[in-house]
Amino acid sequence: MPPILPDFSSSVKLKYVKLGYQYLVNHILTLMLIPVMAGILIQVLRLGPEEIVNLWKSLHFDLVQILCSCFFVIFIATVYFMSKPRSIYLVDYACYKPPVTCRVPFATFMEHSRLILNNNPKSVEFQMRILERSGLGEETCLPPAIHYIPPAPTMEASRGEAEVVIFSAMDSLFKKTGLKPKDIDILIVNCSLFSPTPSLSAMVINKYKLRSNIKSFNLSGMGCSAGLISIDLARDLLQVHPNSNAVVVSTEIITPNYYKGNERAMLLPNCLFRMGGAAILLSNRGSERWRAKYRLVHVVRTHKGADDKAYRCVFEEEDKEGKVGISLSKDLMAIAGEALKSNITTIGPLVLPTSEQLLFLLTLIGRKIFNPKWKPYIPDFKQAFEHFCIHAGGRAVIDELQKNLQLSAEHVEASRMTLHRFGNTSSSSLWYEMSYIEAKGRMKKGDRIWQIAFGSGFKCNSAVWKCNRTIKTPRDGPWMDCIDRYPVYIPEVVKL
Amino acid sequence: MAEGTFIFMVKRTVVSTGPVEPGKFCHLSVLDRLMEQNQVKIVYYYPSRADVEPGEWIEKLGDSFASAITNFPIITGRLQKNTEGHWIVKCNDGGVRMMEAKVKGSVEDWLKNVDREKELKLVYWEDMSPKPYYWSTFYLQVTEFENGGLAIGLSCTHLLADPICATMFFKAWADTTLSGIMSTPPFFYSLPLSKADNKNPNQGSYTDLIDYYKSSIERPTPLITNQKYATITLSFTDPMVRDCIAMAQATGASDKSRSLAFEALAALFWVCLSKIKGTNGRLLKMSLCSDMRNVLGLDQRFFGNCMVYNKVHLESAGENMLPEASKAIGEVMKKMNAEGIKDLIYWLQCNDNQTVPLMNGYDFMCANLEGVNPYLATFKDRIEPLRVSYYVEPVTGPGQVLIFRSAPGEGPLSRVAMATLPEDEAAKLCEDDLIQRFSPTVLMGTNKN
């Protein structure tokens, strides 16, 4: 379909009008203050120097008055600084890069599918169609246990995968930050589907010989948005404990969760979920301010579990043959849209510039009072953020969000390329996306990043970060050997 | 559990470490297409080593194999038929099936009691499935012996590789574990054609070769009977082979393209087996199979089928059977020159038909695999294989013998011969007078006490 050429002259005028309006409203305080300051300055200049000196002398300064004023000022300042929430810095993070030997090309995946499900050609066809349209590439990785025919998901193999992923990510984090294991005060591990006893956090404590008074938490069952829930928990803990380091490990262990049946709604996760993990170091220490990469600005959590449909839309259950799998309902996208709207309503006032908020308010009032048929105004979030990290849950999720938030292809590039190269790595995908933006050299000081994740429940969680210092293109990291090949063009349907 | 029993065997797929460019195809030559019904199976044995953890070797070999096959997209691809109804390989990155197995006992004990049936358990093979697009063309089996040692079995369809290039592939893989780089990467190109394309194929200097192929293609495929076969492995040391050459009065040592050791040993087996099979003083019908890479001027690393079959006949021999047999073989080998082979290739291309013969199922077949030395495949620890065995399956009809080199330390002319024959004849072979005169070591016998 040939693109319809827009009417250039009118759209350019509109653009300037918009820009003018935004500048006016966003800087209204400055714009009002300048004339006031100018007025005062003119007055002062008119008075002349002797007059100013006389004015100064006429103010009878009493020692007591001066002291009281000083104390008052100091008191207010102390109250202000004490009640300000501590700044939480993200010192650095490390993503796990799976070994090339775990790679699963489309052909191998389909062959395995055919060999394992040989009594159900329809299910195999279904998986093939999903894979063709999934947006995944040929370099995504599955753990070694899944390469066997039939897959061998033993407890030992699951622990093996957890050890490899988590320990690699943590080793990488220690190397990047120079952190010593004994300096970790808070440890939070989130892994939704694998929850052994002792927990994965205990496994980390055992491996690295962490302190006995460490505050450790293990979050399981919370889905793909658990990464941001862990960040929220870390933030709350860092408010209470001064001068502390918190390590958050986000991962998803694939080995025990490979669905072996042939119920279509449950086969989808097999096609999309892949190996991955990330370890993040958060700190509230003042000394980290200089080398930290990001500062945490907001975390907004929205839970739609009160609604039955939302609660059941991602549900782990047994199929007719008794095989356990995660069933995704057909209205997943609609529910995700609702959850997103809820989340945006909360986060909007926190991050949007005044111009957008005003417009939204006016349209809201207009819809309520004048004409309900007015289109709801979707605030332009591109003005609030420079970078977007949308959880790479699947191509449909990214497409939907791109449409709803009116984002350009470059804004969602990090998400799409992460989906292509690493697949859906669940809670850690946001970190791969951040890593992509850094690897492309696009992260500058002062940039604001919005991480959005959806998860079972149904939850929509957001985190807002501000870039603390311009980040040089890293020489290590998961994108190190392939960043030059990206971005790639991902066709709608890959012919298998 | 008794020694030699399999503790476990699991199957998985090994994928290459680098993605393949989409849309790549590999075409097969006329010589390739003739070999559709056969498979090549090779077993390499490696000795025990004290410093290796159980399971460690299997994992490391799997990983290094994954990076080795990145250079061979034809191995990781899948077969498809093109518009002309010929097989081609679609390089779709499907990977290679790998079996991991563990056996009780040690490799040294195994080798003492091994026979054909047992040895074939170390090589995994699946016949072409009805949907060849999902069928792996290569299979790797790594068997760890509980008390030490390792056996690596490589099998593949003869459609894609002959024993020479399969050996080269294995060596290339072993090299990657030594130095990380492949010192002998493969060459993929099409077979050379005759210079004059419009030459009448029937007007050649050597039409016997073409006639042999013509008759092979036209005759019906022999049925696979219930006949049980046994394989005998005989090792001939350097002095033994020299004696044999002397006895066979094989001449022409200056002609580099001919191998006196092969000619002498082939003649030896021809004479002995004719006696065992009872052909009344006449020599049985035998075909030779020889590598034509050197003859055609191709690099040794040429990947694909380049072994050509030809019939050798001698109506009757008098008293001096061995020298006359050797002379007949020598003459046939001399006639298989570049022109003759190119004419054959040209003829095959012009007379393209869909029937696929079983090239080695009719006459007794004697194959020359001297072009490569499998003992050069040393993995990371620079340890040579203890033993290497070759099989070209399925075996029907009178049987076959494969002659290949032995370990480098045993002398340039030392050879190993693996003869696959009907069970009763195999037993007689070891006891044959003529063979006993050279007293070869029996590495693998029939094991029937």
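Order of the sequence lines fixes the chain letters, A, B, ..., with proteins taken first and strands second; residue numbering starts at 1 for each chain.
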*To the nearest 0.5 Å, tell me how far B:Asp93 CG sits from A:Phe106 CZ.*
11.0 Å
*When rounded to the nearest 0.5 angstrom, what distance separates CZ in A:Arg114 from NZ in B:Lys131?*
5.5 Å
*For atom NZ of A:Lys176, decide whether the heavy atoms of other residues, nucleotides or ligands shown that lie under 6.0 angstrom number more than 12.*
yes
_Are there over 12 heavy-atom neighbours, none belonging to A:Lys323, within less than 6.0 Å of that residue's NZ?_
yes
*Pick whichever of A:Cys102, A:Pro99, A:Ala107 has the most heavy-atom pairs under 4.5 Å with chain B.*
A:Ala107
*With respect to chain A, which residue among B:Gly95, B:Gly94, B:Pro22, B:Pro19 yields the maximal number of heavy-atom pairs within a distance under 4.5 Å?*
B:Pro19
*Look at A:His147, A:Lys495, A:Glu138 and state which one has the largest set of heavy-atom pairs under 4.5 Å with chain B.*
A:His147
*Just wondering, more than 12 heavy atoms not from B:Glu126 lying within 6.0 Å of its CD?*
yes
*More than 12 heavy atoms of other residues, nucleotides or ligands under 6.0 Å from CD of B:Glu21: is that the case?*
no
*Look up atom OG1 in A:Thr101 and atom CD in B:Glu59, then write down how far apart they are to the nearest 0.5 Å.*
8.5 Å
_chain A contact via B:Ser129 - which portion, at a heavy-atom distance below 4.5 Å_ = neither
*Quick one: CE on A:Met110 to OH on B:Tyr134, what's the gap to the nearest 0.5 Å?*
6.5 Å
*In Å, rounded to the nearest 0.5 Å, how long is the span from CZ of A:Arg103 to OG1 of B:Thr70?*
7.5 Å
_Ignoring hydrogens and geometry beyond distance, is a side-chain donor-acceptor pair present between A:Tyr148 and B:Glu100 at under 3.5 Å?_
yes
*Reported OG1-to-CD1 distance for the pair B:Thr13 and A:Ile146, which is rounded to 0.5 angstrom*: 12.5 Å
*Given the rule in the side-chain contact (heavy atoms from CB on, under 4.5 Å) test, do B:Arg97 and A:Ile149 qualify, once you have shown the distances and angles that lead to the verdict?*
CA-CA 10 Å; B:Arg97 294 281 179 266; A:Ile149 303 169; 4.0 Å; yes
